[in-house]
Amino acid sequence: MAILSILQYPDPRLHKVAAPVTAFDDRLRSLVADMAETMYAAPGVGLAATQVDRHVQVIVADVSEKHDRLLVLVNPQIVEGSGVSTLEEGCLSVPDIYDTVPRYERIRFRACDARGATFEQEAQGLLAVCIQHEMDHLKGRVFVEYLSRLKQTRIAARMRKQQRRAM
Ligand code: K1U
Ligand code: ZN
């Protein structure tokens, strides 16, 4: 397993649209294992393949306190959504920025696991928001893009400054 590097906003690669997975093979399972290790190490509660510069529809998430409930979503789809969430979200690609964006409070989603078996499940609260956030990453959308132009400009400037300092 390996810890992968996470793309930082405003990297243009965060805007690539992920392709559906067609081969449920060892290469996919190795990507899933590396993504899980990267998410736990960050630490985060979710991670989309886009964030590690792999443009396929793969998400890992674990909102449990003990980090013992890893969810792997391949080719995810939201089947139903209801309610309005008021949770603040963060993003490993935009460190230290937290805000609320429009999300369902509860969702029903369908996905494949790493072996290609389809499953359907319900989620609410943080897990529901996290899955919607990660599915946006797969579409090339970063949560700060829901915020005002002014906030986006300030965030991009702050991130570029941080990145220059880290060089
Ligand atoms: O996609 C990502 O960048 C991961 C992101 C997921 C997320 C969190 C909260 C709401 C929506 C989506 C994160 O994991 S940010 C880090 C974080 O929230 C966290 C880190 C450690 C413990 C608990 C939460
Ligand atoms: Zn994110």
Side-chain angles (χ1 to χ4, degrees), residues 1-19 21 31-78 81-109 111 114 121-148 151-160 162-163 166:
M1 291 209 292
I3 294 180
L4 309 171
S5 59
I6 298 175
L7 298 177
Q8 298 295 295
Y9 183 82
D11 192 309
R13 291 170 289 181
L14 285 168
H15 296 122
K16 287 192 183 180
V17 177
V21 169
L31 172 64
V32 166
D34 289 348
M35 284 175 61
E37 191 177 10
T38 305
M39 173 186 73
Y40 288 126
V45 293
L47 190 70
T50 309
Q51 292 176 277
V52 292
D53 204 18
R54 304 288 288 274
H55 302 282
V56 286
Q57 294 179 13
V58 179
I59 289 169
V60 293
D62 188 345
V63 299
S64 71
E65 277 183 19
K66 293 183 185 164
H67 295 177
D68 58 356
R69 290 199 189 165
L70 179 67
L71 252 180
V72 177
L73 275 60
V74 181
N75 301 339
Q77 286 172 271
I78 292 182
S82 63
V84 178
S85 170
T86 53
L87 281 180
E88 272 205 333
E89 47 196 270
C91 181
L92 298 172
S93 296
V94 200
D96 305 323
I97 303 291
Y98 301 90
D99 220 318
T100 311
V101 306
R103 303 286 187 203
Y104 293 124
E105 158 64 17
R106 280 174 299 280
I107 56 167
R108 182 163 189 84
F109 64 92
Q121 200 173 309
E122 288 184 359
Q124 61 175 10
L126 179 58
L127 181 58
V129 170
C130 180
I131 290 171
Q132 292 169 81
H133 175 113
E134 304 310 338
M135 286 181 67
D136 266 353
H137 275 305
L138 300 182
K139 292 173 200 144
R141 187 159 199 187
V142 181
F143 87 109
V144 293
E145 289 158 4
Y146 288 98
L147 306 178
S148 68
K151 276 191 180 177
Q152 286 182 53
T153 307
R154 285 183 178 157
I155 292 165
R158 183 172 158 177
M159 291 291 299
R160 285 198 186 96
Q162 276 174 15
Q163 286 156 19

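Predicted, not measured: the structure shown is a model, and the values here were computed from it. Start at 1 and go down the list; that is how both ligands and their atoms are numbered.
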His15 and Tyr9 aromatic ring geometry - parallel, tilted or perpendicular at 30°/60° bounds: perpendicular

Residue Glu65 excluded, over 12 heavy atoms near CD under 6.0 Å:
no

Problem set entry | Side-chain ion pair, Arg54 and Asp34, N-O less than 4.0 Å | no

Derivation of the side chain to side chain contact (heavy atoms under 4.5 Å, CB included) call for Tyr104 and Gln132
CA-CA 8 Å; Tyr104 293 124; Gln132 292 169 81; 3.5 Å; yes

Sorted by chain and number, protein N/O/S atoms nearer to the Zn ion (ligand 2) than 2.8 Å are Cys91 SG, His133 NE2, His137 NE2

Applying side chain to side chain donor-acceptor pair (under 3.5 Å) to Arg13 and not counting sequence neighbours gives Asp11, Asp53

Practice problem: Begin from the C-alpha positions of Thr50 and His55 and carry the test side chain to side chain contact (heavy atoms under 4.5 Å, CB included) through to its verdict. | Solution: CA-CA 5 Å; Thr50 309; His55 302 282; 4.0 Å; yes

Check your understanding: Taking atom types as modelled, is there a side-chain donor on Ser93 or Gln51 under 3.5 Å from an acceptor on the other?
Key ->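 Yes - a donor-acceptor pair under 3.5 Å links their side chains.
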
**Request:** Answer with yes or no whether the side chains of Tyr146 and Asp99 bring together a donor and an acceptor at under 3.5 Å.
**Result:**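 No donor-acceptor contact under 3.5 Å links the two side chains.
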
Sorted by chain and residue number, the salt bridge (Lys or Arg N to Asp or Glu O under 4.0 Å) partners of Arg160 (sequence neighbours excluded) come out as none

Proximal protein residues to ligand 1, non-hydrogen atoms under 4.0 angstrom |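 Correct list: Pro43, Gly44, Val45, Gly46, Gln51, Glu89, Gly90, Cys91, Leu92, Leu126, Val129, Cys130, His133, Glu134, His137.
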
